[in-house]
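Presented below is the structure to which this report refers.
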Amino acid sequence: MENWIGVAIWIVLGGCIGLAMKAVIKLPKTTPGHSRLLFTLGAFAACIGGMLGVGIAEFDNPVALSLGGMAGAVIFAALMTGIYRWGIKGLT
């Protein structure tokens with residue numbers, strides 16, 4: 001059960017990071033529906049990053065609710081949503 005709680009925390013955390021990137025990286029004009037896309041992208045990236053973080057940092061006790069998993073989720077979600085916002089900013 002602890003692993004599912006950790007994965008749920010990754011999803012919520014990644015979504016919040018995706019929405020925070022919308023506030024950090026401003027675009028000249030607003031695009032409708034962008035918040036849902038950023039939330040979904042952040043949540044997906046956090047799941048991937050969390051799995052990578054657990055795989056890299058936690059050898060003896062690989063659980064999702066660990067420092068390696070949380071750090072991986074935060075870093076990868078911020079990286080992916082930041083790259084996405086930067087790329088969209090270059091298109092406008």
Side-chain angles (χ1 to χ4, degrees):
M1 188 69 174
E2 184 177 313
N3 279 331
W4 291 111
I5 292 171
V7 171
I9 291 172
W10 290 348
I11 291 170
V12 172
L13 189 63
C16 292
I17 289 171
L19 294 177
M21 280 295 165
K22 185 175 182 177
V24 171
I25 302 174
K26 298 284 186 185
L27 293 177
K29 59 181 181 169
T30 59
T31 54
H34 216 56
S35 299
R36 288 183 294 228
L37 179 67
L38 281 169
F39 187 90
T40 305
L41 180 64
F44 180 72
C47 287
I48 299 298
M51 286 185 251
L52 288 171
V54 167
I56 292 171
E58 306 295 328
F59 295 116
D60 55 341
N61 189 16
V63 293
L65 196 56
S66 64
L67 185 61
M70 292 299 153
V74 167
I75 291 169
F76 203 68
L79 181 70
M80 288 295 108
T81 54
I83 288 172
Y84 175 76
R85 288 294 285 182
W86 176 69
I88 292 296
K89 188 175 183 177
L91 290 176
T92 59

Closest non-hydrogen atom pair between [X] and [Y], with its separation:
X	Y	answer
A73	A46	CB-O, 3.4 Å
A77	G14	CB-CA, 4.0 Å
A64	V7	CB-N, 4.0 Å
V74	I17	CA-CD1, 3.8 Å
A78	T81	O-OG1, 3.5 Å
R85	M21	NE-O, 4.0 Å

Hydrophobic cluster (4.5 angstrom, side-chain heavy atoms) - remaining members for L19: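 L19 shares its hydrophobic cluster with F39.
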Which residues share a side chain to side chain contact (heavy atoms under 4.5 Å, CB included) with [X], sequence neighbours left out:
X	result
I83	L79, M80
A43	I11
I75	none
M51	W10, C47, I48

Side-chain contact, heavy-atom cut-off 4.5 Å: N61 with S66?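 No, side chains not in contact.
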What's the spacing between K22 NZ and Y84 OH if we round to 0.5 Å?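 OH of Y84 is found 10.5 Å from NZ of K22.
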Measuring from L65:CG to I5:CD1, what's the distance to the nearest 0.5 Å?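 Here the rounded value is 7.5 Å.
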